[in-house]
Chemist: 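So that we are looking at the same thing, I have put the structure below in structure tokens.
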Number of protein chains: 2
Amino acid sequence: MWPKSVALRKSAPIFAALGDETRLRLIALLCAGGALSISQLTAGSDITRQAVTKHLQVLADAGLVCDIKQGRERLWEFEPTQLDEARRSLDTIAQQWDQALSKLKSALER
Amino acid sequence: MWPKSVALRKSAPIFAALGDETRLRLIALLCAGGALSISQLTAGSDITRQAVTKHLQVLADAGLVCDIKQGRERLWEFEPTQLDEARRSLDTIAQQWDQALSKLKSALER
DNA sequence: CCATTGTGCAACTAAAAGGTTGCATTAACG
DNA sequence: CGTTAATGCAACCTTTTAGTTGCACAATGG
């Protein structure tokens, strides 16, 4: 009855990481601005540096960003691979839905 | 510094709703099997009916499913509109990333 | 060398999430 | 009309999450 798809288990953590406004903002910043340090990412926000650090860690665990140590700074940059994984997952769902719809339609027609 | 985009605030709850394996499974079931009752969705799972109900409520709050009362049953079905919203959101991010990359590339070339 | 800047680490708190149990309610059915 | 199946509602519990504060530590720049 219940699907135990591996793809679902893989993509759920990615969606969970994306499911926070603050993290989506961080991703948007890193997409536009290239590699940024924690301080830079914190500047202008209304949360503390440590909160930003935690969010970055969540994104890193999901494979959406990666960090490069450079001197005393730690630069973060966007990593598009897992985002593509999420996109494929959504496409698959939409595809199955379309398929179910067309099956239903053809069943109604006969 | 921080983008206060409305699109981000809209799509974050959708991703959050998708960010749970159980809920992704529910969506997969509803995609394939059309409208299903709570009991049907619970059968074969390892959590209680009430837990399933809560997950369905989360999905409904995100606009990913809707319910139809029919007799003593409550049938749930997939609602693809918000999923498309999520897909557009991911596409936008990927697009901004590509754009940033090409800008960087052309800046390096000159 | 000393002040400053950028981070890391740990403890702590408040709230939300995921799940359960128990009981009431509603509708179908012989 | 009584039983049974499908749900709803509410209280409760445990773990996670989002955020904070405080302090230690490393690198940089006069």
Side-chain angles (χ1 to χ4, degrees), chain A residues 1-2 4 8-9 11-30 33-77, chain B residues 1-2 4 8-9 11-30 33-77:
Chain A
M1 178 83 195
W2 279 63
K4 40 183 173 181
L8 293 189
R9 188 148 54 231
S11 43
I14 305 176
F15 287 129
L18 294 172
D20 182 282
E21 202 187 330
T22 304
R23 287 195 287 268
L24 282 183
R25 283 181 185 167
L26 286 173
I27 288 182
L29 284 175
L30 293 179
L36 295 173
S37 72
I38 300 177
S39 307
Q40 288 174 318
L41 289 168
T42 306
S45 87
D46 50 353
I47 57 177
T48 57
R49 173 182 58 88
Q50 284 81 353
V52 172
T53 301
K54 284 195 180 181
H55 282 299
L56 288 170
Q57 192 55 54
V58 172
L59 289 173
D61 287 344
L64 288 163
V65 299
C66 62
D67 64 305
I68 315 133
K69 291 279 288 273
Q70 183 172 306
R72 68 178 163 181
E73 289 187 331
R74 188 173 169 191
L75 299 182
W76 292 85
E77 63 182 8
Chain B
M1 179 80 195
W2 280 63
K4 40 184 172 182
L8 294 189
R9 189 151 52 232
S11 43
I14 305 176
F15 287 129
L18 293 172
D20 181 281
E21 202 186 331
T22 304
R23 288 196 286 269
L24 281 183
R25 283 180 185 168
L26 286 173
I27 288 182
L29 285 175
L30 293 179
L36 294 173
S37 72
I38 299 177
S39 309
Q40 288 175 316
L41 290 169
T42 306
S45 87
D46 50 352
I47 56 176
T48 58
R49 172 181 57 86
Q50 285 82 351
V52 173
T53 302
K54 283 193 180 181
H55 281 300
L56 288 171
Q57 192 55 53
V58 172
L59 290 173
D61 288 344
L64 288 163
V65 300
C66 61
D67 65 305
I68 316 133
K69 290 282 287 275
Q70 183 172 305
R72 66 177 164 181
E73 288 186 331
R74 187 172 169 193
L75 299 182
W76 292 85
E77 62 181 10

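Being a predicted model, the structure only gives us computed values, none of them experimental.
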Chemist: By the salt bridge (Lys or Arg N to Asp or Glu O under 4.0 Å) test, which pairs, at least two apart or in different chains, include something from residues 57-77 of chain B?
Modeler: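 For residues 57-77 of chain B: Asp67(B)-Arg74(B).
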
Chemist: What is the separation between atom CD on Gln70(A) and atom C1' on dA26(D), rounded to the nearest whole Å?
Modeler: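 It is 16 Å, rounded to the nearest whole Å.
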
Chemist: How close or far is atom P of dA16(C) from atom NE2 of His55(B), stated in whole angstroms?
Modeler: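 Answer to the nearest Å: 18 Å.
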
Chemist: If every non-hydrogen atom of Ser45(A) is compared with every non-hydrogen atom of Val52(A), which pair is closest and at what distance?
Modeler: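 Closest approach of Ser45(A) to Val52(A): OG-CG2, 4.5 Å.
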
Chemist: Taking CD from Glu21(A) and P from dA16(C), how many angstroms apart are they, rounded to a whole number?
Modeler: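 That distance rounds to 15 Å.
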
Chemist: What pairs with Ala12(B) under side-chain contact (heavy atoms from CB on, under 4.5 Å), at least two apart in sequence or on another chain?
Modeler: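 Checked Ala12(B) against side-chain contact (heavy atoms from CB on, under 4.5 Å); matches are Glu21(A), Leu24(A).
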
Chemist: Give the rounded distance in Å between these two atoms: CG of Asp20(B) and P of dT17(D).
Modeler: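 That distance rounds to 11 Å.
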
Chemist: Taking CZ from Arg23(A) and C1' from dG19(D), how many angstroms apart are they, rounded to a whole number?
Modeler: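 It is 12 Å, rounded to the nearest whole Å.
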
Chemist: Taking only nitrogen or oxygen atoms into account, show me every contact under 3.5 Å that the protein makes with nucleotides 7-11 of chain C, one pair per line with its distance.
Modeler:
{"unit_1": "dT7(C)", "atom_1": "OP1", "unit_2": "Ile38(A)", "atom_2": "N", "d": "3.3"}
{"unit_1": "dT7(C)", "atom_1": "OP1", "unit_2": "Arg74(A)", "atom_2": "N", "d": "3.2"}
{"unit_1": "dT7(C)", "atom_1": "OP2", "unit_2": "Ser39(A)", "atom_2": "N", "d": "2.8"}
{"unit_1": "dT7(C)", "atom_1": "OP2", "unit_2": "Ser39(A)", "atom_2": "OG", "d": "2.4"}
{"unit_1": "dT7(C)", "atom_1": "O4", "unit_2": "Arg49(A)", "atom_2": "NH2", "d": "3.4"}
{"unit_1": "dG8(C)", "atom_1": "OP1", "unit_2": "Arg74(A)", "atom_2": "NE", "d": "3.4"}
{"unit_1": "dG8(C)", "atom_1": "OP1", "unit_2": "Arg74(A)", "atom_2": "NH1", "d": "2.5"}
{"unit_1": "dG8(C)", "atom_1": "OP2", "unit_2": "Arg74(A)", "atom_2": "NH1", "d": "3.3"}
{"unit_1": "dG8(C)", "atom_1": "N7", "unit_2": "Arg49(A)", "atom_2": "NH1", "d": "3.2"}
{"unit_1": "dG8(C)", "atom_1": "O6", "unit_2": "Arg49(A)", "atom_2": "NH2", "d": "2.9"}

Chemist: The criterion is side-chain contact (heavy atoms from CB on, under 4.5 Å); which residues satisfy it with Ser39(A), sequence neighbours excluded?
Modeler: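 Listed in chain order: Ser37(A).
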
Chemist: For the CG atom of Asp46(A) and the OG1 atom of Thr22(A), what is their distance to the nearest 0.5 Å?
Modeler: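 Spacing of CG (Asp46(A)) from OG1 (Thr22(A)) equals 7.5 Å.
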
Chemist: As an exercise, state the distance from CG of Leu30(A) to CG of Leu64(A), rounded to the nearest 0.5 Å.
Modeler: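 Taking CG in Leu30(A) and CG in Leu64(A), the distance rounds to 10.5 Å.
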
Chemist: Round to a whole Å and report the spacing from CG of Asp61(B) to P of dA16(C).
Modeler: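 Computing the Asp61(B):CG to dA16(C):P distance gives 14 Å.
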
Chemist: Expressed as a whole number of angstroms, how long is the span from Leu56(A):CG to dT17(D):P?
Modeler: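 For the pair Leu56(A) CG and dT17(D) P, the rounded distance is 16 Å.
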
